[in-house]
Amino acid sequence: MEDTIAAISTSLGAGGIAIVRVSGPNALNVADAAFCSCHGKPSQFPTHSIRYGRIAQNGEILDQVMLAVFRAPHSYTTEDTVEINCHGGALTAQRILSCCLQYGARLAEPGEFTKRAFLNGRIDLTQAEAVMDLISARTQRAQVFAAHALEGHLFRRVEALREKVANILAHIEAYIDFPEEDIQPATRQKLGTDLGESVSLLRELLSTAREGRILRDGIPVAIVGRPNVGKSSLMNALLGRDRSIVTPVPGTTRDSVEDTVTINGFPIRLTDTAGYRKARGAVESEGIKRMFNVLAQADVVLHVLDTSRLLSPLDLELTRLCGSKEIIHVYNKTDLPGKLKPQTALNDIHRVYVSALSGIGLESLRTLIRKIISSGAVGFTDLDVAINERHAYELSQALVLLINAEEGQSIGKDLALVSQHLRLGLDAIARVTGKTVDEDILDRIFNTFCIGK
Ligand SMILES: Nc1nc2c(ncn2[C@@H]2O[C@H](COP(=O)(O)OP(=O)(O)OP(=O)(O)O)[C@@H](O)[C@H]2O)c(=O)[nH]1
Ligand SMILES: [Mg+2]
């Protein structure tokens, strides 16, 4: 039998109301010991009812509260659950929590309520992860996708795929069990079609990984350029705060500096980098190496140029190193007397004139960034679900295995081998929804949760 857990489920700090949640077989006993009211004891309240009363610890009244009772299995965790709505502010809730702990509950671990909801079968693993995504969503789009996943959209897609693969496997294993029966060409063809469809479904899901990453982490945008052109100043101007060090000394920024900002509703992960030149010393050399890593990961590159200076071969080299990425050439320091005119050599299709110092042109830069992102160049999915990194890891393993099975099947390989690939692929798919899952993965997922969720 599980023990009974308790935690503060609202965020700490000033607020109208805080909620202390208690869940487990003893939740009602804990509430009976802590709650005094003319309405009687919580263990006698009907499920989904809320009553006014007081919480008292060893005879001392801590607060006037509303206490809600949810009886198993109709609660968030599917266990008996009590929610004590007390006054906000860290201390009151904290004292009520200690009172619940004294009367028999233990402090919940991060995400333990949601983990119980999963272990007790009320939600699958993708829905549990959606709870966290919902809490940490920074944009409306991320919030909408998380809400869909919580409704089970992703679960149903993965489950449909899993069933399809399970059926194919059952079919093939039937032939392995009765080797004397010759597999008919029509049957082989049907197996091939089903396998092909499963591979397509997998690919479709995997194609949403990028958007999933963008929704959670933001679109990666790199700020690059020669030393002293104003990269860090631009970073700070876009963020609206003093994040990256700015000095007149070329080579100020060494390490990459990352932060997020929302531009017209899009979450952006901006990274300021070390200025590009022939490195002077080991530190700068490492900084420039990191700049190239950031560049490789970026979807959009802000290549900053200094209009008060002439173009350098390094500028051309850097543009070339960006390859086919979406580049915006940011002509900075337009408040100074200018020498640098638009450069056809840079092939600067997207160009904007700014002064990071005065703020001139920043709005045009934001508009341009938004235009590029929403033009499809950076690509958004048509599906209403977007997988996360864990799902992508499992599904790409499944993809390799299914492709192996598909090939093996089509060239008439030993069916035992085909079925082995399928079985492993099926396991990987099942790990996405948590149908099969090990403790390690669960710990890793739920440890990222906040306490009280
Ligand atoms: N006049 C003027 N000065 C600017 C502008 N942007 C940056 N600066 C100045 O240029 C100098 C270098 O700015 P940073 O933002 O540190 O340049 P950086 O590209 O990050 O330089 P490194 O980190 O050394 O590669 C500082 O003195 C800034 O104040 C601008 O728009 N106009
Ligand atoms: Mg800098």
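Both counts, for ligands and for their atoms, begin at 1 and track the order of listing.
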Where the side chain of Glu79 meets the backbone of Ala72, is there a donor-acceptor pair that is under 3.5 Å apart?
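Not at all, since once roles are kept as given, no pair shorter than 3.5 Å links the two residues.
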Keeping waters out of it, list the protein N, O or S atoms under 2.8 Å from the Mg ion (ligand 2).
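Those protein N, O or S atoms (cut-off: under 2.8 Å from the Mg ion (ligand 2)) are Ser232 OG, Thr253 OG1.
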Closer than 4.0 angstrom, basic N to acidic O: yes or no for Glu159 and Arg162?
yes
Does Lys325 pair with Asp299 as a salt bridge, N-O distance under 4.0 Å?
no
Residue pairs, two or more places apart or on separate chains, that pass salt bridge (charged side-chain N to carboxylate O under 4.0 Å, His left out) and touch residues 92-104
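Non-adjacent pairs meeting salt bridge (charged side-chain N to carboxylate O under 4.0 Å, His left out): Glu60-Arg95.
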Pairing donors with acceptors under 3.5 angstrom, does anything connect the side chains of [X] and [Y]?
| X | Y | answer |
| --- | --- | --- |
| Thr433 | Asp124 | no |
| Asn26 | Thr4 | no |
| Thr319 | His329 | yes |

What pairs with His48 under ring pair (Phe, Tyr, Trp, His ring centres under 6.0 Å), at least two apart in sequence or on another chain?
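By the ring pair (Phe, Tyr, Trp, His ring centres under 6.0 Å) rule, His48 matches Phe70.
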Taking the six-membered ring for Trp, is the centroid-to-centroid distance between Phe113 and Phe449 below 6.0 Å?
no
Near ligand 1, which residues have a heavy atom under 4.0 Å away from one of its atoms?
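Residues Pro227, Asn228, Val229, Gly230, Lys231, Ser232, Ser233, Val246, Thr247, Pro248, Val249, Pro250, Gly251, Thr252, Thr253, Gly275, Asn332, Lys333, Asp335, Leu336, Ser355, Ala356, Leu357 each place a heavy atom under 4.0 Å from ligand 1, listed by chain and number.
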